[in-house]
2 protein chains.
Amino acid sequence: MSEKADKREHILTVAEELFGEKGFDGTSVRDIAQKAGVNLAMISYYFGSKEKLLESLIELRAGYAHGILEELNKDQSLTPWDKINRLVDFYVDRVLNNLPFHNIMYREATNIRSDEIRDRIISIKVRNLEQITKIITDGQQKKLFREVDIPMTVGTLMGSISSYTQAKPYGCHILALGYDASEETYRTKLAPRLKAHLKQLLRAHLDIKNEE
Amino acid sequence: MSEKADKREHILTVAEELFGEKGFDGTSVRDIAQKAGVNLAMISYYFGSKEKLLESLIELRAGYAHGILEELNKDQSLTPWDKINRLVDFYVDRVLNNLPFHNIMYREATNIRSDEIRDRIISIKVRNLEQITKIITDGQQKKLFREVDIPMTVGTLMGSISSYTQAKPYGCHILALGYDASEETYRTKLAPRLKAHLKQLLRAHLDIKNEE
DNA sequence: GTTTAATTCAAACGTTTGTTTAATTTTGTG
DNA sequence: CACAAAATTAAACAAACGTTTGAATTAAAC
């Protein structure tokens with residue numbers, strides 16, 4: 001068993017939770033060390049700096065979606081409509097099951113210090129956009145989907161999810177939950193509602209019968 | 001001329017820009033004082049603390065949308081479809097013309113310290129949701145709109161916009177702009193594209209002819 | 001078992017943080 | 001002009017920040 005890799009990953013997981021909850025600048029290295037149960041100096045020892053810890057975290061988590069989207073794309077047994085529905089399920093589940101990381105991506109993406117990280121994030125987003133573009137253009141060639149602004153449509157998909165993951169107190173109000181609802185109950189109430197809405201939305205948006 | 005009110009507001013404007021750019025925790029009181037050209041102590045003098053400065057800023061900017069939505073609602077000369085299109089224009093323009101403040105709302109809303117501010121933000125969102133609900137239910141009664149999940153639809157509207165305002169480097173890539181594009185050019189390129197997309201999207205989403 | 005390297009630790013480093021102080025200047029009022 | 005209130009200032013405050021140090025401990029290699 002690799003003790004070192006375990007401890008490194010443990011620190012990253014703890015940092016992810018704290019960054020997601022209180023933001024990068026709102027989280028101190030001492031917070032991370034204390035919650036992870038390691039000595040303060042270990043963070044510099046393992047990662048070099050707080051900034052590089054964030055880079056390591058992004059490197060660890062990012063880029064995971066691509067493989068799944070590629071598989072989805074290649075699956076010949078699925079119709080374009082099936083793929084759209086699976087896409088919705090996939091993204092909603094993925095964001096809700098990785099809430100801290102997605103909060104970091106959304107909050108910290110604007111003012112990323114390192115050009116390297118910024119370019120990495122962009123290239124990941126562009127790659128995912130390319131996969132979704134393939135799904136939609138395939139549907140268009142099969143005369144199922146109409147002409148739409150694909151990058152904007154992807155923004156709608158991600159933005160709709162984020163608008164409720166980024167504002168939990170408001171979301172709790174909408175879902176008729178108390179403000180003190182646990183993350184768990186919030187996710188399980190939100191997920192089916194978001195999925196149903198997005199499927200209905202994209203159904204109407206993409207359907208060639210709704211061409212103007 | 002009220003010099004004091006001017007200076008107070010000037011500090012708030014500068015703070016808004018910095019909070020929007022670097023986040024609340026990423027902005028120091030000294031940053032604000034320097035950029036505003038006032039003495040460091042003036043911020044405590046005027047606002048009491050950094051936290052209360054943020055509260056003052058939110059109090060100043062928030063709640064402005066409500067009056068316009070109410071007017072839009074009351075306007076008898078507009079069809080529900082007109083109202084939806086105006087709603088899109090209004091929100092896109094409003095967000096893009098107040099980018100720093102909306103960045104603050106989106107980034108800082110999750111971890112608002114003060115319960116008072118949190119409740120204030122929620123009540124504003126709920127009031128806006130009520131106005132939009134009226135527009136949509138009106139369209140439904142007139143047999144123009146179909147049944148949709150209204151809170152989720154509002155989330156889609158706001159989230160679609162935010163997904164591009166929160167990630168400018170990616171947005172520049174999509175819009176075929178250089179990464180060094182000014183805020184100005186980014187806004188003017190993004191606005192028509194977002195508006196056209198959202199109008200097309202909501203058109204298909206709400207149209208009763210697209211009932212399943 | 002000895003030696004070398006990797007890991008862990010308490011302590012301290014120099015800055016920066018938000019806020020306060022107390023003296024000074026400016027402003028408004030009679 | 002005189003006087004009280006308000007506004008502004010430089011300086012200092014303690015606390016928290018990210019990072020480094022150098023000694024102590026553990027693990028690995030021979």
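Proteins come first, then strands; the chains are lettered A, B, ... in the order of their sequence lines, and each starts at number 1. No hydrogens, no waters, no symmetry mates; every other heavy atom, side chains included, goes into these values.
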Next item on the list: Answer yes or no: is there an ion pair linking B/K83 with B/D75, defined by an N-O contact shorter than 4.0 Å?
Entry: no

Note to self: Can you measure A/F19 atom CZ to D/dG18 atom C1' for me and round it to whole angstrom units?
What the structure shows: 12 Å

Checklist line | CA sep, side-chain torsions, deciding dist, call: A/E16, A/R61, salt bridge (Lys or Arg N to Asp or Glu O under 4.0 Å) | finding: CA-CA 10 Å; A/E16 183 178 37; A/R61 292 274 186 268; 2.8 Å; yes

Note to self: Please pick, from D/dT8, C/dG18, C/dT8, the nucleotide with the shortest atom-to-atom distance to any side-chain atom of A/Y45.
What the structure shows: C/dT8

Polar pairs (N or O, both sides) under 3.5 Å between protein and nucleotides 23-26 of chain D?
none

Item checked: Integer-rounded Å distance: C/dG18 C1' and B/L54 CG -> 15 Å

Margin query: I'd like to know if A/E59 and A/R120 make a salt bridge, using a cut-off of under 4.0 Å between side-chain N and carboxylate O.
Written below: yes

Notebook entry, point to check: Looking at A/D25 and B/K22, does any basic side-chain N land under 4.0 Å from a carboxylate oxygen?
Noted result: no

Next item on the list: Evaluate the criterion salt bridge (Lys or Arg N to Asp or Glu O under 4.0 Å) for residue pair A/K35 and A/E17; output intermediate values, then yes/no.
Entry: CA-CA 10 Å; A/K35 185 164 182 181; A/E17 289 172 22; 3.1 Å; yes

Notebook entry, point to check: Rounded to whole angstrom units, what separation is found between the CE atom of B/M42 and the C1' atom of C/dA22?
Noted result: 15 Å

Note to self: If I take atom NZ in residue B/K50 and atom C1' in nucleotide D/dA15, what distance separates them, rounded to the nearest angstrom?
What the structure shows: 15 Å

Margin query: C/dT7, OP1 or OP2 - any side-chain N/O from A/K7 closer than 4.0 Å?
Written below: no

Notebook entry, point to check: How are the rings of B/F19 and B/F24 set to each other: parallel, tilted or perpendicular (split at 30° and 60°)?
Noted result: tilted

Item checked: A/Y46 OH to D/dT19 P, straight-line distance once rounded to whole Å -> 17 Å

Checklist line | Salt-bridge contact B/D89-B/K199 (side-chain N to carboxylate O under 4.0 Å) | finding: yes

Margin query: Just to be sure I understand the geometry, which residues of residues 23-41 of chain B put a non-hydrogen atom under 4.0 Å away from DNA chain D?
Written below: B/R30, B/N39, B/A41

Checklist line | Aromatic plane relationship, B/Y164 with B/Y170 - under 30° parallel, 30 to 60° tilted, over 60° perpendicular | finding: parallel

Checklist line | Spacing between B/F47 atom CZ and C/dG18 atom P, to the nearest angstrom | finding: 15 Å

Notebook entry, point to check: Does DNA chain C take part in any stems of at least 3 consecutive Watson-Crick or G-U pairs (both distances under 3.5 Å), and if so, which ones?
Noted result: C:1-17 with D:14-30, C:19-27 with D:4-12

Note to self: Under 4.0 Å between a side-chain nitrogen and a carboxylate oxygen: does that hold for A/E108 and B/R107?
What the structure shows: no

Check: Between atom OH of B/Y106 and atom OG of B/S163, what is the distance when rounded to the nearest 0.5 Å?
Finding: 9.0 Å

Check: Are any of the side-chain heavy atoms of A/I43 and A/K50 separated by less than 4.5 Å?
Finding: no

Check: Nearest-Å distance, CD (B/E51) to C1' (C/dT17)?
Finding: 14 Å

Next item on the list: Return the value, rounded to whole Å, for the distance between atom NZ of B/K52 and atom C1' of C/dG18.
Entry: 13 Å

